[in-house]
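First comes the structure, then the notes that go with it.
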Amino acid sequence: MPVPLNTTGKASFDDIYDRPDPRAYYERMFDLDYCIPELAKPIFQQQIREYRASARIATPTVLDIGCSYGVNAALLRLDTTIRDLAEHYAAAPDSDRVELIQRDRARLASLPSGSTDVRFLGMDAARPALDYAYEAGFLHDVVHVDLEASEPSDEQRALLASADLIVSTGCIGYVTEKTVTRAATAHPRKRPWMAHFVLRMFDFSPIAAELTALGYHTEQAPGLYEQRRFASEAEQAHVLNTLSDIGVDATGREDRGWLYANLYVSRPVPYPHAEPYHHTDTDTEDTH
Ligand SMILES: C[S@@+](CC[C@H](N)C(=O)[O-])C[C@H]1O[C@@H](n2cnc3c(N)ncnc32)[C@H](O)[C@@H]1O
């Protein structure tokens, strides 16, 4: 069956974002060599290290926007790969949701204590994915909300306000400056650091402009990050058209069958205990 495309011309995986457990999600993403959370992992680890040192907070809170089944939290906490998680879930085809959750909780419990020292807060519009991530223990707290459509409730705002860093992979495009601004301003004064991996077909400048108005400095890191293979020729054709329309040269990149993302890092300036982010050569590598 052809993979449906959403309104942006990207393949739509809505059917696997909303399942009671992550098996279909990891199976499909592994099939497409989805790797952006894995490439993001060392960058997020570095951001967390720098935040911890700069703010002198031992256990910072990381808010993952569009976290789905707690993918970034799972990779960071288990220090693992998408392949490993895909194999982990594929090895339990007959397990029910409760058994899968028990396996995940046992895996997390076997980690040495203090191995991550991060509080993971996940936000998503897909309730079943969030519930799984929370019950399995990947996320310490969750916010089920669509900030494109509405302001957070007081309770949601209080949770969002606890974020020290906001990260995302594969979510900008689904969410816009509305969501990022609402998350960034959940706290009346504190402005969390940010690192977003954004497909080249999506324009980050409206988000950067809103963040600048809030006192942030944003840098686009050099280099590109592979996101995944195209799901179909139709998806590739649509994305190549979009890139051409917005003046992005896809030669040797998307025209070879892969989607690519940029990394944008935003930090508030001035900040009581932080320097603005400045990229150094060791921060990022071109991944292809
Ligand atoms: C491509 S998935 C990325 C999931 C995960 N970050 C990863 O990299 O594996 C996009 C996610 O964004 C979520 N999403 C879509 N629209 C959203 C919205 N308006 N607010 C919050 N999450 C949204 C989807 O439910 C889905 O979990």
Side-chain angles (χ1 to χ4, degrees), residues 3-41 43-44 62-78 80-86 89 120-134 138-139 142-152 156 159-160 163 166-184 186 194-199 201-202 207 225-231 235 239 259-261 263:
V3 184
L5 303 181
N6 63 26
T7 49
T8 66
K10 205 158 72 68
S12 168
F13 301 112
D14 289 355
D15 60 319
I16 54 169
Y17 292 158
D18 241 357
R19 304 264 177 107
D21 71 64
R23 279 176 293 203
Y25 185 81
Y26 282 106
E27 183 186 350
R28 189 80 181 104
M29 291 302 123
F30 183 55
D31 274 356
L32 293 173
D33 291 322
Y34 185 68
C35 54
I36 197 70
E38 218 168 296
L39 298 177
K41 182 164 70 117
I43 304 295
F44 293 160
V62 174
L63 167 64
D64 185 2
I65 297 186
C67 62
S68 187
Y69 297 92
V71 178
N72 287 313
L75 287 184
L76 280 155
R77 295 186 65 190
L78 299 171
T80 193
T81 60
I82 297 275
R83 169 190 284 272
D84 169 62
L85 289 176
Y89 290 113
F120 285 100
L121 173 61
M123 188 189 110
D124 206 288
R127 174 108 246 178
L130 275 184
D131 285 348
Y132 187 91
Y134 182 67
F138 294 126
L139 299 173
V142 294
V143 184
H144 175 231
V145 68
D146 177 352
L147 295 182
E148 292 298 297
S150 60
E151 291 282 350
Q156 290 166 340
L159 273 173
L160 295 171
I166 298 182
V167 302
S168 72
T169 53
C171 191
I172 302 294
Y174 290 101
V175 306
T176 69
E177 63 275 17
K178 271 192 199 157
T179 291
V180 174
T181 307
R182 283 172 168 162
M194 305 216 183
H196 298 287
F197 286 83
V198 183
L199 281 178
M201 62 190 286
F202 296 122
I207 297 177
Y225 294 81
E226 286 164 331
Q227 180 134 331
R228 63 166 166 79
R229 285 186 294 99
F230 285 105
E235 183 191 28
V239 171
L259 284 149
Y260 282 83
L263 164 64

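Every number for a ligand or one of its atoms is a count from 1 in the order of the listing.
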ask   = Measuring from Leu63:CG to Leu159:CG, what's the distance to the nearest 0.5 Å?
value = 9.5 Å
message = Test of understanding: with side chain to side chain contact (heavy atoms under 4.5 Å, CB included), list the residues that count as partners of Lys178, not counting sequence neighbours.
response = Glu148, Thr176, Arg182
task = Please list, chain by chain and in numerical order, all residues satisfying side chain to side chain contact (heavy atoms under 4.5 Å, CB included) with Val142, sequence neighbours excluded.
result = Leu130, Tyr134, Leu139
Identify each donor-acceptor pair in which a side-chain atom of residues 28-41 lies under 3.5 Å from a protein atom, sequence neighbours left out, and give them as a table.
| unit_1 | atom_1 | unit_2 | atom_2 | d |
| --- | --- | --- | --- | --- |
| Asp33 | OD2 | Arg229 | NE | 2.8 |
| Glu38 | OE1 | Ile82 | N | 2.9 |
| Lys41 | NZ | Asp79 | OD1 | 2.5 |

inquiry  = Within the 3.5 Å criterion, strictly below it, is a donor on Tyr17 or Tyr174 matched to an acceptor on the partner's side chain?
reply    = yes
task = Give, for atom CG of Leu76 and atom CZ of Phe120, the distance between the pair rounded to the nearest 0.5 Å.
result = 4.5 Å
Write 'none' if nothing qualifies; otherwise put on separate lines each N/O atom of ligand 1 with a protein N/O atom under 3.5 Å away and their distance to 0.1 Å.
| unit_1 | atom_1 | unit_2 | atom_2 | d |
| --- | --- | --- | --- | --- |
| ligand 1 | 6 (N) | Gly66 | O | 2.8 |
| ligand 1 | 6 (N) | Thr169 | O | 2.8 |
| ligand 1 | 6 (N) | Thr169 | OG1 | 3.2 |
| ligand 1 | 8 (O) | Tyr34 | OH | 2.6 |
| ligand 1 | 8 (O) | Thr169 | O | 3.2 |
| ligand 1 | 8 (O) | Thr169 | OG1 | 2.7 |
| ligand 1 | 9 (O) | Tyr25 | OH | 2.6 |
| ligand 1 | 19 (N) | Asp146 | OD1 | 2.9 |
| ligand 1 | 22 (N) | Ala125 | N | 3.3 |
| ligand 1 | 25 (O) | Asp124 | OD1 | 2.6 |
| ligand 1 | 27 (O) | Asp124 | OD1 | 3.4 |
| ligand 1 | 27 (O) | Asp124 | OD2 | 2.7 |

